[in-house]
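Below is one structure; the comments refer to it alone.
Worth knowing before you read on, the calculation uses all heavy atoms, side chains too, and leaves out hydrogens, waters and symmetry mates. The chains referred to below are lettered A, B, ... by the order of the sequence lines, with proteins before strands, and numbering in each begins at 1. No experiment lies behind these values; they were computed from the predicted model shown.
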Amino acid sequence: MEPKILEKAWNPELEKEILKQWDEEKIYDFTPQEDNYTIDTPPPYPSGRPWHIGAAAHYSQIDMIARTARMAGKNVYFPIGIDRNGLPVELYTEKKYKIRMRETERGEFLNLCREALDDLEAEMIFIMKSLGISGDFANYYRTDSEEYRTLTQSTFIDLWKKGQVYLANRPNNYDWVSGTTIADAEIIYEDLSTKLVYMKFKIKDTDKEIIIASTRPELLCACRIIIVNPEDERYTQYIGKKIIVPITNAEVELRTHHSAQQEFGSGAVMVCSYGDQNDVALFRELELEEIVAIGLDGRMTKVADEYAGLKPKQARTKIIEDLETKGFLEKIENIVHRTPVSERSKTPIEIIPMEEYYLKQKEAVPKIKSLGQEITFHPAMHKQILMNWLESINIDWPISRRRYYGTEIPIWYCKKCSEPHVPEPGKYYRPWNEKCPISNCTKCDSTEFVGEERTFDTWMDSSISPLFISKFNRDDEFFKKVYPVSIRPQAKDIVRTWLYYTLLRCEQLTGKKPWSEAWIMGYGLDENGMKMSKSKGNAIDPLPVIEKVGADTFRFWSASEINHGQDFRCNEQKIESTKKFLSKLWNVARFLSSFPVIESGKLTATDEWILSELDNLVKECKKGYEEYNFFIPAIAIREFTWNVFAAHYIEMVKARAYGIDFSDEERDGAIFTLHKTLSTILKLLAPITPFITEYLWKILYSKNSIHKEKQIIPENLEDQNNITKEISEFNSKVWNEKKSQNLSLKDSIKLEIPESLEAFKKDLKSMHNLLD
RNA sequence: GGGCUCAUGGUCCAGAUCGGUUAUGACGUCGCCCUUACACGGCGAAAAUCCAGGGUUCAAAUCCCUGUGGGCCCA
């Protein structure tokens with residue numbers, strides 16, 4: 001019989017045709033029922049080109065979750081969104097058009113951002129579709145759409161009315177390059193080299209001096225106190241004395257405090273507002289009055305006197321010169337200092353007191369902890385990341401940002417009495433550009449208002465994704481059926497931001513947890529285990545890789561190389577070599593395509609053995625799929641298909657399947673078993689490599705999509721794993737023997753078949769052309 | 001300073017819950033082979049003192065302790 005499959009290898013070009021079919025047949029459509037399986041898909045952020053190859057792997061695996069759930073009989077709702085708010089696109093736009101945000105008209109700047117986002121978004125969607133992501137692209141959402149921003153604002157208005165939002169003047173992490181306050185969660189630490197300056201401070205009314213080392217000499221003007229460790233005997237005699245600050249001549253006290261480290265610098269520390277978080281803590285603890293030395297423009301304020309107007313770095317250089325000429329400089333050391341920098345703009349942050357809006361979170365921590373306990377984490381160990389973060393929360397969440405491309409904070413202030421007015425929820429408001437919806441101030445009856453110009457932290461938007469996709473506030477019936485949603489898949493690095501903020505916000509707004517499961521994936525690193533970044537030049541563009549090898553190869557690589565939850569390395573050569581397995585699968589199917597699909601046959605010992613091993617495979621895959629750990633089925637399927645089924649079983653039954661020297665009954669047993677095994681492999685593999693399995697399934701087994709099939713369940717056959725070992729050992733022995741005798745594989749040979757393999761004798765004899 | 005996590009041939013990865021012959025498989029390398037599914041293949045070979053030290057045990061990659069080194073997080 002002619003094989004139905006003629007080509008010798010899987011051609012990734014076929015994927016395009018299959019995508020079209022899926023699209024036309026709408027096989028992933030969702031209509032809500034009583035029981036739904038909803039995926040809170042991470043809306044990716046289009047921050048620049050290329051998109052991260054780790055993200056492509058990530059979304060491939062999220063799709064495997066969807067397909068696994070569908071094949072388990074669940075009614076899967078798989079929304080797709082794009083996160084479009086925030087700083088990165090502003091920086092990208094500034095760079096692309098060589099403009100500055102604050103020097104550009106706001107409306108015009110927003111339009112340019114939107115264009116940039118549209119381009120980047122189109123590429124991401126193209127990649128996601130090419131990867132075979134079975135999400136709802138037709139209804140994809142954007143976090144900057146009117147509908148989404150309406151929800152963000154409505155939830156803010158709700159929390160405002162519940163008294164969860166307040167305004168406070170506090171030292172804040174300030175990124176002066178971006179011109180905005182940032183949350184602790186957006187700070188990363190980088191080791192930067194800097195100068196540690198040893199300065200001479202005179203002790204008042206004596207001719208003695210002490211040495212103080214600091215990396216921030218430009219903050220001398222903001223120095224309020226000197227501290228030393230209480231156990232540091234070098235300074236015992238000076239405790240309580242007045243110290244004269246060089247350059248400014250201000251007098252400050254020398255006190256003891258346990259946070260001063262004897263080993264660092266000279267052991268004496270100058271406390272300024274604000275050099276670092278420790279300064280903030282000390283000012284709070286000792287109730288010192290702060291001196292604002294750095295302004296919102298990132299420059300020294302007038303308290304810096306002759307250094308006013310300079311950037312801190314310039315002021316530092318100048319003050320070091322002055323310290324030297326005036327004889328206050330002891331020495332300078334070059335050190336590497338762990339510096340807090342803004343995750344997005346990569347500039348060292350300054351700590352500046354500013355008035356910002358805060359959302360209460362401290363008091364919610366115990367509640368969030370217990371919600372966290374109700375959620376099943378895959379893998380379980382990553383729950384710890386959330387718990388550690390909850391332990392360390394000590395201030396409320398600053399939610400206002402001095403940026404343009406974000407959801408506007410919906411507040412108008414009375415021009416006369418400054419009373420803030422928050423509008424009614426349910427509409428999208430742009431206070432910087434719109435008239436206040438009320439005509440008279442409720443406090444002073446004035447008719448003039450000024451709109452708030454700030455926007456929200458982007459996590460205010462993305463943290464309500466489960467509410468948006470379940471149509472909270474928009475469709476109560478839908479919401480009831482869908483919320484809480486089923487699973488939140490996301491990367492490890494944003495547990496303390498996206499995952500945490502979602503828990504917080506959804507709890508505040510609904511009193512319920514947002515999902516019952518969280519699925520956490522590791523980081524994609526480069527081939528040497530380093531974090532990929534454009535600046536390091538080690539980023540891999542996923543698009544050419546996928547175009548070259550095809551989505552299924554990429555997906556199978558992702559499943560077989562990434563143990564769930566662990567960080568993983570991306571290596572193009574490794575991705576490419578994965579396609580060999582698809583080729584193997586293809587050729588197994590090609591061979592089987594010469595035989596008719598039959599319903600039954602008389603099974604021999606060989607057939608029963610492989611079906612038992614197949615059943616073991618089904619069990620193993622079930623285990624992996626239940627944990628959404630695709631590494632387990634991918635490895636098991638490859639091992640079985642290649643090293644057991646193809647290498648031994650197919651070789652053993654080849655002659656029987658052709659009917660050479662075997663009865664029709666025996667032949668049918670082989671053909672039946674071959675097809676049963678292959679069709680099972682295809683179903684088991686369908687969530688991981690949806691294209692090739694669909695193609696082979698339709699050619700061999702059905703007009704209907706494999707993705708409409710239910711997953712195979714184990715039959716619990718008797719285990720025959722020990723036979724596998726004996727068979728492969730015997731086969732190796734024969735092959736080696738022929739080799740050592742310089743025989744071709746088809747030549748005959750005389751070899752004793754072990755007693756334990758007596759039942760397989762006939763198949764083994766025909767396989768190796770054994771003589772009696 | 002604290003927490004999480006990892007460490008197995010040149011590279012990646014399994015084995016650890018439950019200690020037990022020769023440590024799994026893949027990539028790569030080398031040699032032989034076109035045997036009617038597949039040279040994107042087959043067979044075979046070389047290649048690992050299982051990070052180090054100590055302990056428990058008849059027996060440790062696996063259990064315990066102490067270190068070292070990487071990654072991430074927090075202070």
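Comparing the C1' positions of B:G15 and B:G53 gives a spacing of 24 Å, expressed to the nearest Å. Nucleotides B:A14 and B:G3, compared at atom P, are 26 Å apart to the nearest Å. Nucleotides B:C13 and B:A7 are separated by 8 Å at their P atoms, to the nearest Å. Comparing the P positions of B:U11 and B:G19 gives an interatomic distance of 31 Å, to the nearest angstrom. When the C1' atom is compared between B:U35 and B:G44, the two are found 16 Å apart, to the nearest whole Å. Look at the C1' atom in both B:C50 and B:C6: the space between them is 14 Å, to the nearest Å. Comparing the same atom, P, in B:A45 and in B:A23 gives a spacing of 14 Å after rounding to whole Å. When the C1' atom is used for both B:C34 and B:C43, the distance is 13 Å, rounded to whole Å.
As the counterpart of B:G69, B:C6 is assigned, both hydrogen-bonding distances of the Watson-Crick or G-U wobble pattern falling under 3.5 Å. The nucleotide B:G44 finds its pairing partner in B:C30, both defining distances of the Watson-Crick or G-U wobble pair being shorter than 3.5 Å. Look at B:C50: it lacks any Watson-Crick or wobble partner with both distances under 3.5 angstrom. Remark: B:A61 base-pairs with no nucleotide in the shown strands. Criterion, Watson-Crick or G-U wobble with two distances under 3.5 Å. Across every strand in view, B:U56 sits unpaired, with no contact that passes the Watson-Crick or G-U test at under 3.5 angstrom. B:G1 and B:C74 make up a base pair, with Watson-Crick or G-U wobble contacts both under 3.5 Å. Pairing for B:A37 is absent, with no Watson-Crick or G-U wobble pair whose two atom distances lie under 3.5 Å.
Taking atom NZ on A:Lys492 and atom C1' on B:G3, their separation rounds to 13 Å, with Å as the unit. For the pair A:Glu572 CD and B:U11 C1', the computed distance is 16 Å after rounding to whole Å. Between the CD1 atom of A:Ile637 and the P atom of B:A14 there is a distance of 17 Å, rounded to whole Å. Atom CG of A:Leu743 and atom C1' of B:C43 are 14 Å apart (whole Å). A straight line from CG of A:Leu745 to P of B:G41 spans 17 Å, rounded to a whole angstrom. If you take CZ of A:Arg638 and P of B:A26, they are 8 Å apart, rounded to a whole angstrom. In this structure, CH2 of A:Trp586 is placed 18 Å from C1' of B:A39, rounded to the nearest angstrom. Spacing between atom CG of A:Asp747 and atom P of B:G42 amounts to 21 Å, rounded to whole angstrom units.
Of all heavy-atom pairs between A:Ile753 and A:Lys761, the closest is CD1-CG, 3.6 Å. Closest non-hydrogen pair, A:Phe377 versus A:Gly372, comes out as CE1-O, 4.0 Å.
OP1 or OP2 of B:A26 has at least one side-chain nitrogen or oxygen of A:Asn643 nearer than 4.0 Å. Within the structure, a side-chain polar atom (N or O) of A:Ser732 is placed less than 4.0 Å from OP1 or OP2 of B:G44. For the OP1/OP2 pair of B:G42 and a distance below 4.0 Å, the side-chain nitrogens and oxygens of A:Lys584 include at least one atom meeting the criterion. In terms of phosphate contacts, A:Lys580 brings no side-chain nitrogen or oxygen within less than 4.0 Å of OP1 or OP2 of B:A26. At the phosphate of B:G42, OP1 or OP2 sits under 4.0 Å from a side-chain N or O atom of A:Trp642.
Using a cutoff of 4.0 Å between basic side-chain nitrogens and carboxylate oxygens, A:Glu627 and A:Lys623 are not scored as salt-bridged. Between A:Asp747 and A:Lys738 there is no salt bridge, since no side-chain nitrogen of the basic residue lies less than 4.0 Å from a carboxylate oxygen of the acidic one. Under a 4.0 Å N-O distance rule, the pair A:Lys733/A:Glu729 does not qualify as a salt bridge. The pair A:Glu7-A:Arg590 does not count as a salt bridge, with every side-chain nitrogen at least 4.0 angstrom from each carboxylate oxygen.
Here A:Lys574 lies in heavy-atom contact (under 4.0 Å) with a base. Residue A:Phe631 is classed as a sugar-phosphate contact, given heavy-atom separations below 4.0 Å to backbone atoms only. In this structure, A:Glu7 reaches neither bases nor backbone, as no heavy-atom distance under 4.0 Å exists between it and the strands shown. Residue contacts for A:Ala589: at a heavy-atom cut-off of 4.0 Å it reaches no nucleic acid atom on any strand shown. Note on A:Glu391: nothing from the nucleic acid sits closer than 4.0 angstrom, heavy atoms only.
Between A:His675 and A:Tyr701, the angle of the ring planes goes over 60°, which puts this pair in the perpendicular group of the 30/60° scheme.
The A:Trp735 side chain lies nearest to B:G44 when the options are B:C4, B:U35, B:G44. The side chain of A:Gln573 has B:G28 as its nearest neighbour among B:C40, B:A37, B:G28.
Under the 6.0 Å distance and 45° angle rule, A:Arg488 counts as a cation-pi partner of A:Trp498.
No hydrogens or angles were tested; on distance alone, a donor-acceptor pair under 3.5 Å links the side chain of A:Glu651 to the base of B:A37.
Residue A:Leu592 is the one, among A:Leu592 and A:Ala9, whose nearest nucleotide of RNA chain B lies closer to the 5' end (criterion: closest heavy atom). Both A:Lys579 and A:Ala647 lie close to RNA chain B; mapped to their nearest nucleotides by heavy-atom distance, the more 5′-ward contact belongs to A:Lys579.
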